[in-house]
2 protein chains.
Amino acid sequence: MLSQDDSRSAKPGKRATINDVARVAEVSKKTVSRVINQSPFVREDTRERVQAAIDELGFIPDPQARGLAFRRSFLVGMIYDQPSPTYVVNMQQGILDALKGSGLELVVHPCSRNSPTLLKDIRGFVERQRLFGVIMPPSVSEDDAVIELLRELDCPYVRIASLALDEPQNMVVTNDWIGAAEAARHLADLGHRRIALVRGLASFRSSAVRGQGFIDALAERGIALTPEYDLQGAYTYESGVEAGHALLSLPQPPTAIFTLNDDMALGVMQAARERGMELPRDLSVVGFDDLPMAARVWPNLTSVRLPIREMGQMAAEKLLAPMRGVDPAKLQQPEVRPALVVRSSAASLG
Amino acid sequence: MLSQDDSRSAKPGKRATINDVARVAEVSKKTVSRVINQSPFVREDTRERVQAAIDELGFIPDPQARGLAFRRSFLVGMIYDQPSPTYVVNMQQGILDALKGSGLELVVHPCSRNSPTLLKDIRGFVERQRLFGVIMPPSVSEDDAVIELLRELDCPYVRIASLALDEPQNMVVTNDWIGAAEAARHLADLGHRRIALVRGLASFRSSAVRGQGFIDALAERGIALTPEYDLQGAYTYESGVEAGHALLSLPQPPTAIFTLNDDMALGVMQAARERGMELPRDLSVVGFDDLPMAARVWPNLTSVRLPIREMGQMAAEKLLAPMRGVDPAKLQQPEVRPALVVRSSAASLG
DNA sequence: CTGAAAGCGCTTACAG
DNA sequence: CTGAAAGCGCTTACAG
């Protein structure tokens with residue numbers, strides 16, 4: 001009988017459980033549970049004894065068992081429809097930075113906003129996994145139906161977007177307009193006056209926000225953006241090529257073009273090349289995103305960088321705040337500051 | 001008393017459990033469990049009755065409860081040290097393609113092979129989550145210590161690599177040499193004879209495999225790769241710039257350069273530009289990876305494309321095979337066929 | 001082919 | 001501040 005107990009305390013090859021810890025620390029498993037969950041109702045010396053047992057046994061609470069009892073898993077979902085791999089991977093990295101040491105894991109869930117099963121898919125994902133929370137970058141972060149669903153499912157979420165669409169505890173606001181304004185000032189400072197804008201998809205809020213930041217900053221320098229210099233693109237390379245040709249075939253073509261992402265900037269550069277122009281001599285181009293290729297194309301592309309990784313980290317920290325006993329609305333987080341990365345694709349005028 | 005039972009059968013707002021299904025189908029929960037797990041030991045009419053109850057109640061088995069009882073979760077881990085975001089995201093997408101409908105989810109776990117805590121981190125991740133399995137692209141897929149650890153932890157895994165490093169059920173082999181050979185033939189067909197090679201990091205098996213495919217195909221055309229045309233790069237843009245300058249300052253510079261990834265190809269193009277060369281007139285360049293930017297730079301980069309998404313899908317299917325009652329070693333899967341995407345960065349000689 | 005009992009490793013709700 | 005009991009929603013091991 002006794003030998004059976006002894007063998008149980010050894011448990012070769014098997015992970016220690018809360019029962020093992022309780023036995024070694026000579027407390028009930030409930031007390032061990034209190035220590036794990038950082039309950040304040042544990043006497044200091046008891047806590048220390050339990051902690052010592054935890055350390056000795058190398059005990060790690062089983063997230064599945066905890067999740068089952070809590071009726072909530074230790075999984076954070078990232079739901080995204082972002083087409084840019086760089087954006088997605090950097091944001092994943094940032095979320096993982098914040099999750100490190102918390103015991104939470106990141107489950108990825110790409111989606112398509114125009115899929116007829118979008119809501120059904122997300123519901124299945126969130127409900128089945130009883131997610132701890134969800135983080136969404138644009139544009140799915142801007143989808144009212146998705147947000148409504150998450151509220152109905154009682155699933156905590158953080159939205160990343162260029163506008164404050166929600167309460168502070170559910171938002172990371174990216175201030176894209178600051179970056180667009182910097183781009184405008186940069187081009188104006190280089191002496192350009194005939195400056196054009198190529199917008200992204202109108203269904204993305206970032207397109208309006210970035211566009212407005214650009215227009216406002218130009219206006220500060222006394223430059224008005226005329227309608228023929230204000231084109232609608234689609235955030236794709238192809239739409240950049242098209243917009244580039246449209247702008248460069250104008251009777252009075254612009255000397256500089258700002259596109260609301262890098263893919264379109266490269267499209268504009270392609271169009272200029274197809275027309276026999278030399279860059280940046282004949283045309284200055286500035287993009288937005290600072291993709292890795294911005295530093296690799298010729299001429300190197302001047303572009304606005306958003307701190308994507310930090311944005312992911314900030315979002316995850318908002319999600320974790322309640323668990324850490326912090327009010328997420330009062331969480332001190334740095335402002336998201338876009339920055340212009342100046343390279344050689346925009347040059348001074350003549 | 002009865003009314004209490006009735007209210008239980010309704011359970012407004014709460015998810016149906018296996019008990020609800022058992023009650024409605026008038027069987028034991030064990031029989032429901034057998035149906036969920038596709039046990040053959042269920043009479044056909046019983047199965048149908050249970051299935052009808054499952055459908056009626058919208059019952060979805062709780063993965064956490066199943067995982068706890070199974071001592072294995074329903075999470076697939078992707079462990080990677082791949083620096084290319086496009087590669088990572090495409091592979092994630094492919095894994096998710098295969099996981100769809102299986103009830104498994106994808107948990108991402110970037111790592112660094114030269115981190116001193118690499119093995120500890122992976123052990124913690126796999127052990128704590130009791131992962132269903134793990135998928136690894138290069139170069140972590142080539143790490144013997146990691147594989148040994150996964151075996152010790154009894155965690156199923158699939159390795160993606162350019163060489164058969166493991167048993168077939170644990171491998172997706174990517175045949176990179178085929179793509180490199182195609183690049184060689186393409187350049188030879190364009191009339192080039194002075195053709196140089198810029199390799200990647202020697203610690204990546206792909207570098208040797210791709211290099212050999214290139215050399216062999218050149219040899220078939222009667223072209224020998226001389227040592228001064230065979231340079232070691234590091235898979236980075238900067239190393240491409242450096243190799244480009246080294247090759248182009250040779251007394252007898254090459255007329256074409258094949259680099260073992262796209263980042264280095266763009267580096268070589270940058271070097272050529274810095275030397276005042278015009279592309280592709282003065283130099284042909286071919287890359288490997290077919291990153292999105294390959295189609296966006298000027299001139300558009302000819303590059304070898306690996307079906308990354310399909311590779312991820314194939315890997316996940318190997319992991320799922322046992323669950324589906326298939327022998328993973330005998331799983332019929334298509335060969336991974338790299339393909340050369342011909343654009344305008346490689347042109348015919350003179 | 002089917003089921004009653006015990007258990008996976010935790011937490012909640014209730015006592016004290 | 002601490003604990004014994006019951007339960008989270010499933011499966012295993014054992015019967016029959």
Side-chain angles (χ1 to χ4, degrees), chain A residues 8 11 13-51 53-54 57-75 103-104 127-130 132 323, chain B residues 8 11 13-51 53-54 57-75 103-104 127-130 132 323:
Chain A
R8 253 176 43 198
K11 282 207 175 150
K14 286 186 75 177
R15 283 167 54 162
T17 73
I18 199 172
N19 292 307
D20 301 318
V21 176
R23 189 161 21 74
V24 170
E26 299 182 294
V27 295
S28 74
K29 57 204 272 197
K30 176 62 217 171
T31 297
V32 179
S33 170
R34 285 196 181 90
V35 172
I36 297 170
N37 293 295
Q38 311 191 46
S39 157
F41 304 115
V42 183
R43 228 169 48 207
E44 189 46 33
D45 59 325
T46 310
R47 175 189 308 286
E48 277 165 17
R49 195 146 37 89
V50 171
Q51 191 57 54
I54 288 175
L57 295 170
F59 168 67
I60 306 167
D62 183 322
Q64 305 215 73
R66 292 227 290 165
L68 182 58
F70 268 138
R71 288 162 196 75
R72 177 136 286 179
S73 76
F74 291 87
L75 301 174
L104 297 176
E127 227 172 6
R128 181 155 22 87
Q129 302 299 327
R130 300 178 187 274
F132 181 88
M323 183 193 227
Chain B
R8 254 179 38 200
K11 282 210 176 146
K14 287 186 72 179
R15 283 167 55 163
T17 73
I18 199 172
N19 292 308
D20 301 319
V21 176
R23 189 160 23 72
V24 170
E26 297 181 296
V27 295
S28 74
K29 57 205 272 196
K30 176 62 218 171
T31 298
V32 178
S33 169
R34 286 197 180 89
V35 172
I36 297 169
N37 292 295
Q38 313 191 48
S39 157
F41 305 115
V42 183
R43 227 168 49 207
E44 190 46 34
D45 60 326
T46 311
R47 173 188 309 284
E48 277 165 16
R49 196 146 38 88
V50 171
Q51 190 58 54
I54 288 175
L57 295 170
F59 168 67
I60 305 167
D62 183 322
Q64 306 214 73
R66 292 227 289 163
L68 182 59
F70 268 137
R71 288 163 194 73
R72 176 136 287 181
S73 77
F74 292 87
L75 301 175
L104 297 176
E127 227 172 6
R128 181 155 23 86
Q129 302 299 328
R130 300 177 186 273
F132 180 89
M323 182 192 227

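Keep in mind that what you see is a predicted model, and the values were worked out from it rather than measured. Per chain, numbering begins at 1; letters A, B, ... match sequence-line order.
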Across all chains, not counting sequence neighbours, the side-chain hydrogen bond (donor to acceptor under 3.5 Å, both in side chains) partners of B:Q51 are B:D55
Is A:I36 close to A:V21 at the side-chain level, that is, under 4.5 Å between some pair of heavy atoms? no
The criterion is side-chain hydrogen bond (donor to acceptor under 3.5 Å, both in side chains); which residues satisfy it with B:S73, sequence neighbours excluded? none
Could you give the CZ-to-P distance, from A:R130 to C:dC10, as a whole number of Å? 18 Å
Consecutive-pair stems (at least three Watson-Crick or G-U pairs, under 3.5 Å) that include DNA chain D: C:1-3 with D:14-16, C:5-12 with D:5-12, C:14-16 with D:1-3
A:E44 vs A:L68, nearer the 5' end of DNA chain D by closest nucleotide: A:E44
Check each residue of residues 59-67 of chain A for a non-hydrogen atom within less than 4.0 Å of any atom in DNA chain D, then write out the ones that pass by number, or none. none
For A:R47, enumerate each residue passing the salt bridge (charged side-chain N to carboxylate O under 4.0 Å, His left out) test, keeping only those at least two apart in sequence or located in another chain. A:E44
Whether A:S33 contacts C:dT11 is assessed here as follows: a side-chain N or O lying under 4.0 Å from the phosphate OP1 or OP2. Is that the case? yes
Could you tell me how far apart A:I36 (CD1) and C:dT12 (P) are, to the nearest whole angstrom? 11 Å
What integer distance in Å separates A:R72:CZ from D:dG9:C1'? 17 Å
Residues passing the side-chain hydrogen bond (donor to acceptor under 3.5 Å, both in side chains) test with B:R72, sequence neighbours excluded, are none
How many Å lie between CG on A:N19 and P on C:dG7, as a whole number? 12 Å
Return the set of residues passing side chain to side chain contact (heavy atoms under 4.5 Å, CB included) with A:E127 (not counting sequence neighbours), or none when no residue passes. A:R123, A:L153
Let's see if you can work this out: which of D:dC10, D:dT12, C:dG9 has an atom nearest to the side-chain heavy atoms of A:A69? C:dG9
Whole-Å distance separating the CD atom of A:Q129 from the C1' atom of D:dC8: 16 Å
Nucleotide N/O of nucleotides 2-6 of chain C paired with protein N/O under 3.5 Å:
residue	atom	partner	partner atom	Å
C:dT2	OP1	B:T46	OG1	2.3
C:dT2	OP2	B:R43	N	2.9
C:dT2	O4	B:R34	NH2	3.4
C:dG3	OP2	B:S28	N	3.0
C:dG3	OP2	B:S28	OG	3.1
C:dG3	OP2	B:T31	OG1	2.6
C:dG3	N7	B:R34	NH1	3.4
C:dG3	O6	B:R34	NH2	2.8

Please state how far atom CZ in B:R71 lies from atom P in C:dC10, giving the value in whole angstrom units. 13 Å
For B:R34, which residues count as a salt bridge (charged side-chain N to carboxylate O under 4.0 Å, His left out) partner, sequence neighbours excluded? none
Rounded off to whole Å, could you give me the CG-to-P distance for the B:D20 and D:dG9 pair? 9 Å
Listed by chain and number, what are the side chain to side chain contact (heavy atoms under 4.5 Å, CB included) partners of B:R130, not counting sequence neighbours? A:R15, A:D62, A:Q64, B:R71
Which residues share a salt bridge (charged side-chain N to carboxylate O under 4.0 Å, His left out) with A:R66, sequence neighbours left out: none
Applying salt bridge (charged side-chain N to carboxylate O under 4.0 Å, His left out) to B:R43 and not counting sequence neighbours gives B:D45
Can a side chain N or O of A:N37 be found less than 4.0 Å away from OP1 or OP2 on C:dT11? yes
Minimum side-chain heavy-atom gap A:L75-A:L104 below 4.5 Å: no
